[in-house]
Amino acid sequence: MRIATWNINSVKQRLGHLTAFLSEQAPDVLCLQEIKCVDEAFPVAEVEAAGYNVAVHGQKTFNGVAILSRLPLEDVRRGLPGRDGLDEDGPDQARYLEATISTATGVVRVASIYLPNGNPPDTAKYPYKLRWMDRLSAHARELLALEEPLVLAGDYNVIPEPRDAARPEAWVHDALFLPQTRSAFRSLVDLGLTDALRACSDESGLYTFWDYQAGAWQKNNGIRIDHLLLSPQAADRLETTVIHKAMRALEKPSDHVPVSVDLKL
DNA sequence: ATGCCTGCGGTTCGCAGA
């Protein structure tokens, strides 16, 4: 079973790239982030025509996540437990969607995660990011207790280690790389999750995001912030992890590329 | 030190992203 994640940066702007990816890579499941549209505006017909079921948790203008699956999506959860607002009265942000998929060999649970960016760190956005990470960890702890194959996939907006950035020194004051951010990510992983890419490779220079600005792609000035975290029951079945880097070289690309895992499921 | 680039909303510039 192939499970992929991709921050698509507007599903409307990237529909052609999306259908091409589905056709060429044939993922069984694709988690999308930053669809940037409400549920009713998601191109369901085009995705169904490609052979996929869809669950959407959208929002006007910003954020928005979705899960596409060849097999039916069940037990859909929209949003993390607890409040999702920037403050007490803030509106919910569409950043978390979870569902189960029943296969011939059992159930797999998949989440599409768009973790808050958190910049600038001296504003309320940074504590919001850290609180959101705490809520994600609390929920992950509950899910891990189910002892199922579980894939927490998405744009974590976290650079885990210096080797995950071409220029780590440029990120030391950034919300993606601050010690508290990396510590919170380690705490999540240390619940018993496996970073799928790092289970397959110790190499540096493996990136999933290149900024649109300042020729970052041409200079390979990238960072690795899109991750698939696996429960032990999923990690035991891990075969390969692939970063679909070629997608960044297309016309009008997303600034992120898809990452996929193949699981023996 | 700052903008670089892109998408969105809503009108053409401000905000957000990372």
Side-chain angles (χ1 to χ4, degrees), chain A residues 5-18 31-43 56-66 84-87 90-96 112-130 132-133 136 154-182 184-185 205-227 243 245 247-259:
Chain A
T5 182
W6 187 23
N7 180 321
I8 194 169
N9 187 20
S10 170
V11 70
K12 284 185 238 177
Q13 292 297 321
R14 228 71 63 199
L15 185 55
H17 291 352
L18 173 60
C31 298
L32 294 175
Q33 300 89 37
E34 280 207 271
I35 60 172
K36 293 188 173 177
C37 66
V38 294
D39 293 8
E40 300 72 33
F42 192 92
V56 184
H57 183 37
Q59 177 183 336
K60 188 177 176 177
T61 312
F62 304 120
N63 310 318
V65 286
D84 213 9
L86 196 57
D87 54 52
D92 281 6
Q93 299 184 21
R95 294 180 175 274
Y96 185 89
S112 183
I113 291 166
Y114 180 44
L115 207 145
N117 174 303
N119 279 308
D122 61 352
T123 67
K125 294 185 178 187
Y126 191 57
Y128 176 66
K129 174 178 191 157
L130 294 176
W132 205 95
M133 293 182 84
L136 176 60
D155 175 1
Y156 281 76
N157 273 313
V158 175
I159 303 167
E161 298 180 87
R163 62 177 167 169
D164 297 310
R167 299 183 59 238
E169 71 280 5
W171 298 93
V172 290
H173 299 301
D174 193 284
L176 279 64
F177 194 56
L178 282 172
Q180 276 191 85
T181 305
R182 295 171 55 197
F185 184 76
L206 301 174
Y207 309 131
T208 65
F209 169 91
W210 296 260
D211 201 289
Y212 288 125
Q213 301 185 70
W217 167 247
Q218 288 75 14
K219 297 174 191 167
N220 195 28
N221 179 16
I223 51 178
R224 189 175 74 94
I225 56 175
D226 299 272
H227 310 298
I243 297 174
K245 188 174 180 180
M247 298 280 290
R248 189 63 177 78
L250 300 177
E251 287 294 314
K252 298 270 286 178
S254 169
D255 40 7
H256 298 248
V257 297
V259 185

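Naming: A, B, ... by sequence-line order, numbering from 1 per chain.
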Practice task
Determine the contact category for A:N157: base if any of its heavy atoms lies under 4.0 Å from a base atom, sugar-phosphate if only primed atoms, P, OP1 or OP2 are that close, otherwise nothing.
Solution key: sugar-phosphate
Practice task
Compare the minimum distances between each of B:dG7, B:dA18, B:dA16 and the side chain of A:K252, then state the nucleotide with the smallest one.
Solution key: B:dG7
Handout entry: A:Q13 side-chain N/O to B:dC8 phosphate OP1/OP2 under 4.0 Å
Key = yes
Problem - Close side-chain approach of A:W6 and A:M247, heavy atoms under 4.5 Å - result: yes
Problem - Per A:Y212 side chain, nearest of listed nucleotides B:dA18, B:dC5, B:dG9 - result: B:dC5
Exercise for the section: Please confirm whether A:R224 makes a cation-pi placement over A:F209, using NZ or CZ under 6.0 Å from the six-membered ring centre and within 45° of the ring normal. Expected result: no
Completion exercise
CG (A:L115) and CG (A:L130) are apart, to the nearest 0.5 Å, by 9.5 Å
Practice task
Remember a base hit wins even if backbone is also touched, and classify A:N221 as base, sugar-phosphate or nothing at under 4.0 Å, heavy atoms.
Solution key: nothing
Handout entry: Any donor-acceptor N/O pair under 3.5 Å between B:dA18 base and A:N117 side chain
Key = yes
Exercise for the section: Compute both the distance and the angle, then confirm whether A:R95 meets the cation-pi test with A:Y114: under 6.0 Å from the six-membered ring centre, within 45 degrees of the axis. Expected result: yes
Practice task
Pick base, sugar-phosphate or nothing for A:F177, based on heavy-atom distances below 4.0 Å to the nucleic acid.
Solution key: nothing
Handout entry: Separation between the P atoms of B:dA1 and B:dG14, rounded to whole Å
Key = 24 Å
